[in-house]
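Worksheet: the structure to be examined is printed underneath.
Computation of the quantities below employed the complete heavy-atom set of this structure, encompassing side-chain atoms and omitting hydrogens, waters and symmetry-equivalent molecules. Nothing fancy with the numbering, it's 1 onward along the sequence. Whatever order the structure lists ligands and atoms in, that order sets their numbers, starting from 1.
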Amino acid sequence: MPQVDEFGLISRLFAPLAARHPGALGLTDDAALLDCPPGHRLVLTADALVAGVHFFPDDPADLIARKAVRVNVSDLAAMGARPAAVMLAACFPKGTPFSWMECFASGLKADLEEFAIPLIGGDTVATPGPATFSITALGYVENGQELRRSTARSGDSLWVSGTIGDAALGLLVAQGQGGDLSETDLAALLDRYRLPRPRLALGPALTGLASACMDVSDGLVGDLGHICKASGVGAILNADAVPLSKAAQAMIAARPDLLETALTGGDDYELLFTAPPSAAAELEVLSRTLGLRLSRIGTIIEGQGVLVRRSNGEPLPLHSGSYRHF
Ligand code: ADP
Ligand code: MG
């Protein structure tokens with residue numbers, strides 16, 4: 001195994017990912033330079049992934065890197081922003097093999113190329129603690145067009161992209177609790193847990209159309225509660241309208257208690273947004289254009305809190321909230 005110091009790691013693993021952005025200065029200076037297009041604002045977000053908390057220490061290194069990128073750019077999409085660049089603080093446990101770091105960098109490269117985003121800076125350190133990767137994502141949104149959580153209005157419809165619950169059920173699959181699902185269903189759920197699909201095209205397309213938006217990272221019901229609180233409104237969520245994949249439907253059919261897991265579990269990285277009822281036709285068109293399912297799952301009402309109901313109007317009692325770190 002070659003002995004590579006911090007600067008060797010930066011030039012060999014990370015500088016190639018900065019090549020497309022002149023302001024990154026090849027990762028050879030102290031910091032990067034970034035222009036903001038006229039009429040736009042910078043949108044910034046950071047998320048850390050910690051071994052043992054956000055991923056299993058023996059997960060494939062390239063997937064860890066890709067997940068770190070994806071959860072961050074998902075936050076940009078949730079603001080209606082287009083990604084411009086990312087920065088990475090990589091804390092590798094002392095003694096991490098170079099091959100592991102190479103694999104990590106290859107995953108980073110794959111996703112940054114897929115999303116056409118340059119790496120423009122960061123930090124590389126050894127840590128006595130668990131592997132920790134913090135990514136800062138920077139994007140742009142036209143002045144005044146950002147999608148906030150605080151601007152939902154009573155009477156708005158509640159929408160969500162894609163399908164909900166796959167990642168939370170995928171985590172159960174990773175823990176060996178997949179039951180006797182088919183191999184295809186097991187693989188589909190596991191994949192959604194390991195590799196979120198940030199809705200990068202949808203977010204910017206919702207500017208001017210959605211009244212409020214966030215990405216679902218900690219669980220649909222809990223995250224909806226955040227929109228309600230920030231907007232000073234309540235919501236009725238129709239549990240039977242929440243879109244479930246075939247694999248999730250199969251797993252819930254075998255264990256009906258897992259509907260609650262799907263509604264409250266985390267890691268979906270879909271966009272949850274509100275829009276006036278008049279936007280419905282345009283949202284249908286957008287859904288077809290993007291080839292992405294958009295489902296109406298409820299209504300914003302006056303008051304506070306989230307009421308979860310079945311289609312027949314019966315309340316669905318939920319026992320768990322969303323994931324909390326503290
Ligand atoms: P400092 O000594 O100020 O911490 P470094 O030597 O760590 O600076 O970093 C040198 C350059 O390399 C900087 O431009 C920094 O942004 C970049 N850099 C360091 N680590 C990474 C990384 N993991 N990803 C991207 N850029 C990095
Ligand atoms: Mg440094």
Say whether Gly122, considering both its backbone and side-chain N or O atoms, lies within less than 3.5 Å of an N or O atom on ligand 1.
yes
Does the pair Arg70/Glu114 count as a salt bridge with the N-to-O cut at 4.0 Å?
yes
Provide the closest heavy-atom pair for Cys228 versus Gly305 in the form atom of the first, atom of the second, distance.
SG-O, 4.2 Å
Met87 and ligand 1 - part of the residue with a heavy-atom distance under 4.0 Å
neither
Residue set satisfying side-chain contact (heavy atoms from CB on, under 4.5 Å) with Ala201, at least two apart, ordered chain then number -> Leu290
List ligand 1 atoms under 4.0 Å from Thr124, heavy atoms only on the residue side.
19 (C), 20 (N), 21 (C), 22 (C), 23 (N)
Closest to atom 7 (O) of ligand 1 by heavy-atom distance, out of Asp29, Val86, Asp123, is Asp123
Please confirm whether Thr28 comes within less than 3.5 Å of ligand 1 when only nitrogen or oxygen atoms on both sides are compared.
no
Show which atoms of ligand 1 fall inside a sub-4.0 Å distance from at least one heavy-atom site of Phe7.
6 (O)
Sequence neighbours left out, what passes ring pair (Phe, Tyr, Trp, His ring centres under 6.0 Å) with Phe133? Give chain and number order.
Phe92, Phe104
From Arg192, Arg293, Glu270, residue fulfilling side chain to side chain donor-acceptor pair (under 3.5 Å) relative to Thr163
Arg192
With backbone taken as N, CA, C and O and side chain as the heavy atoms from C-beta onward, which portion of Ile10 lies under 4.0 Å from ligand 1: side chain, backbone, both, or neither?
side chain
Kindly identify the option in Ile120, Leu25, Leu119, Val125 whose heavy atom sits closest to atom 24 (N) of ligand 1.
Leu119
Contacting atoms of ligand 1, where contact means under 4.0 angstrom from a heavy atom of Leu88
22 (C), 23 (N), 24 (N)
Decide, yes or no, whether a salt bridge links Asp223 with Arg149 under the criterion of side-chain N to carboxylate O below 4.0 Å.
no
Tightest non-hydrogen contact, residues Ala81 and Val43, listed as CB-CG2, 3.8 Å
Any atoms of ligand 1 less than 4.0 Å from a non-hydrogen atom of Gly121? List them with their elements.
16 (O), 24 (N), 25 (C), 26 (N), 27 (C)
